[in-house]
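Written out below as structure tokens is the structure these notes cover.
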There are 2 protein chains.
Amino acid sequence: MTESNNQPYHHGDLRRVLIEAALGMLQEDKGLQFTLREIARRAGVSHAAPYRHFSDKVALLVDVAEVGFEKMGEQLTAAIQENLPIEEQLIAIGKAYIEFGISNPALYQLMFSADVKEKEDEPAAMATLNILITLLKRGQEEGAFKIRPIQGQAAACCAMVHGLTMLAINGLLVPEKFGENPIESALATLSEGISG
Amino acid sequence: MTESNNQPYHHGDLRRVLIEAALGMLQEDKGLQFTLREIARRAGVSHAAPYRHFSDKVALLVDVAEVGFEKMGEQLTAAIQENLPIEEQLIAIGKAYIEFGISNPALYQLMFSADVKEKEDEPAAMATLNILITLLKRGQEEGAFKIRPIQGQAAACCAMVHGLTMLAINGLLVPEKFGENPIESALATLSEGISG
DNA sequence: ACCTGAACACCGTTCAAGT
DNA sequence: ACCTGAACACCGTTCAAGT
């Protein structure tokens, strides 16, 4: 009797429930055409209820995307293995990034959608960028990487990894066009452009 | 009197007019949330008329995307300058690609959207890939490029260029993060991974 | 303070009916 | 053969009204 199992008139934490419902739908459906009304339906509230917690549909999406960035950040930091040579660390973090995108295609696309990018103060997005920059700096100091402007190398890494993720999500990385292991090959090419 | 200036009861070539209307809207609006009803409105027909020419809204979008690929193909072939050294040709074609995307953000995103990629028999998309592969082969034969599987190098080029275009369109290539010329820097890094 | 129901202006799609 | 108008089932959003 400590907790009532029939939902209370004023839902406990509807805000979080709505975000979780949206995350669940993004995992199921590949497309991101999920509706606010459907989210409310899943949360068991009327379609007007979300407007007490979010000013807008995109406001909800922005918060969902933020959770996505946090999850990605965790996955990337988990992929760091300090004992490996630095070139391999760079490859490993790139693979982890792409893996996250391929495993959560709808969420990833939402995170980088035009609707969302208009607010986003880059919470964990900035964090992952800092991981990369730290790695590049250390690589240059150790003499493993070419001495180049760090920000330029970072741009190359982000673009390559983002491009591979997007192409993979849209099913364009087919073997007939790009061979058996396009991701490995592309990351190797990037690595050769940075190392040496 | 050779042509009647009041539109005929049965519109001349509504199919093409609808595609042109859609292209016009893509040039104006940045987002790709344009509606079929608005397209019909612009074409001066009822919102049901498009269904005599396209089975679906996405069917229209697929045809619009195809025109986009043709336009991009023209722009890329126009950017080829045979007299330049081959490394610079690679850079030049990459820049032309990104330039097209930045100049036509909504159209570019439509061309690579999940909705559209489901039909598309890759018309001009394949053509531009062949331009790239020819270039890479010649570079390897001339000894300017590293001897590597062509398809892998092609994957690296496509991913880099696609990633830069998408990041640029979404306004994420800001100087505070990636320096003054992220596109130049990233293409230079790619080039260093391929040449040598 | 939080939620519901009805309402409004919009979609995509269909279908009988017009020319 | 091609187009229109009304209709259907859906959205996002708002707002009076309920608890």
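Below, read A as the first sequence line, B as the second, and so on, with proteins coming before strands; counting in each chain starts at 1.
- The environment of NZ in B:Lys137 is sparse: at most 12 heavy-atom neighbours from other residues, nucleotides or ligands sit within 6.0 Å.
- Residue B:Leu14 contributes atom CG, which lies 9 Å from atom C1' of D:dC3 at whole-angstrom precision.
- We find that CZ of A:Arg37 is positioned 16 Å from P of C:dC10, with the value rounded to whole Å.
- Toward the 5′ end of DNA chain D lies the nearest nucleotide of A:Glu38, the other residue of the pair A:Glu38 and A:Arg52 mapping further downstream.
- With distances taken from any side-chain atom of B:Val45 to the nucleotides C:dT13, D:dT4, D:dA16, the minimum falls on D:dT4.
- In this structure C:dC8 sits in a base pair with D:dG12, meeting the Watson-Crick or G-U test at under 3.5 Å.
- Both A:Ala48 and B:Ser46 lie close to DNA chain D; mapped to their nearest nucleotides by heavy-atom distance, the more 5′-ward contact belongs to B:Ser46.
- The listed nucleotides are D:dC3, C:dG12, D:dA7; the one nearest the side chain of B:His47 is D:dA7.
- The interatomic distance linking B:Gln33 (CD) with C:dC10 (P) rounds to 17 Å, in whole Å.
- A salt bridge does not link A:Arg148 with B:Glu184: none of the charged nitrogens is closer than 4.0 Å to a carboxylate oxygen.
- The nearest whole Å value for the distance from the CG atom in A:Leu18 to the P atom in C:dC2 is 13 Å.
- The distance between atom CG of A:Leu36 and atom C1' of C:dC3, rounded to the nearest whole Å, is 15 Å.
- Across the strands present, D:dC3 finds no partner; the criterion is a Watson-Crick or G-U wobble pair with both atom distances under 3.5 angstrom.
- Remark: B:Thr35 is in phosphate contact with C:dC11, judged by side-chain N or O atoms under 4.0 Å from OP1 or OP2.
- Whole-Å rounding puts the A:Leu61 CG to D:dG12 C1' distance at 12 Å.
- The nucleotide whose nearest atom lies closest to any side-chain atom of A:Ala49 is, among D:dG12, C:dT13, C:dT4, C:dT4.
- Nucleotide D:dA17 forms a pair with no other nucleotide shown, judged by Watson-Crick or G-U wobble geometry with both contacts under 3.5 Å.
- The distance between atom NZ of A:Lys57 and atom P of C:dC10, rounded to the nearest whole Å, is 18 Å.
- More than 12 heavy atoms of other residues, nucleotides or ligands sit less than 6.0 Å from atom CZ of A:Arg41.
- Using a cutoff of 4.0 Å between basic side-chain nitrogens and carboxylate oxygens, A:Arg15 and A:Asp63 are scored as salt-bridged.
- Remark: C1' of C:dC2 and CZ of A:Arg16 are 19 Å apart, rounded to the nearest angstrom.
- Checked against the 6.0 Å centroid criterion, the rings of A:Tyr108 and A:Phe69 do not qualify as a close aromatic pair.
- Between B:Arg41 and C:dC11 there is a side-chain polar atom (N or O) within less than 4.0 angstrom of OP1 or OP2.
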